[in-house]
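FYI, the numbering just counts along the sequence from 1. Counting starts at 1 for both ligands and their atoms, in listed order. These figures come from a predicted structure and were not determined experimentally.
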Amino acid sequence: MKIIADRDRCAGAGMCALTAPEHFDQDDADGLVVLLADEAEDCDTEVAEAVDLCPSGALRLR
Ligand code: SF4
């Protein structure tokens with residue numbers, strides 16, 4: 001599945017980077033999400049959890 005991160009909606013809360021650090025990081029300058037990998041296995045529960053936990057709805061799976 002494809003991971004889509006909307007930096008315009010990101011609030012820099014960092015839940016994604018804490019939950020799935022192989023796929024998400026935060027920009028050193030502004031704290032906004034940086035995608036390290038935009039593809040994930042369908043069974044990747046860490047990525048699914050990160051999407052669910054994002055408080056601003058900035059992450060989607062397709
Ligand atoms: S959890 Fe959501 S708001 Fe927080 S850094 Fe990640 S994408 Fe941004």
Could you grab the distance from atom CE of M1 to atom CZ of R60, nearest 0.5 Å is fine?
13.5 Å

min-distance protein heavy atom vs atom 2 (Fe) of ligand 1 -> C54 SG, 2.2 Å

When distances are taken from atom 8 (Fe) of ligand 1, the protein heavy atom at minimum range is C10 SG, 2.3 Å

Relative to ligand 1, is A13 under 4.0 angstrom through side chain, backbone, both or neither, heavy atoms considered?
both

How close do L32 and C10 get, heavy atom to heavy atom, and via which atoms?
CD2-O, 3.5 Å

Output the distance between atom CG (L53) and atom OG1 (T19), rounded to the nearest 0.5 Å.
5.0 Å

Heavy atom under 4.0 Å from ligand 1: found in L59's side chain, backbone, both, or neither?
side chain

Contact summary for A37 and E22, nearest pair of heavy atoms
CB-O, 4.3 Å

Decide whether the shortest distance between a heavy atom of G14 and an atom of ligand 1 is less than 4.0 Å.
yes

Assess the residue pair E39 and I3 against the criterion (side chain to side chain contact (heavy atoms under 4.5 Å, CB included)); give the C-alpha distance rounded to whole Å, side-chain angles, the decisive distance to 0.1 Å, and a yes or no.
CA-CA 6 Å; E39 295 281 345; I3 305 168; over 6 Å; no

Give the residue and atom name of whichever protein heavy atom lies nearest to atom 6 (Fe) of ligand 1, and the separation in Å to one decimal.
C16 SG, 2.3 Å

Any idea which atoms of ligand 1 are less than 4.0 Å away from a heavy-atom of V33?
7 (S)

Quick check for you: to the nearest 0.5 Å, what is the distance between R7 atom CZ and L35 atom CG?
9.5 Å

Proximal atoms of ligand 1 relative to S56 (non-hydrogen, under 4.0 Å)
2 (Fe), 3 (S)

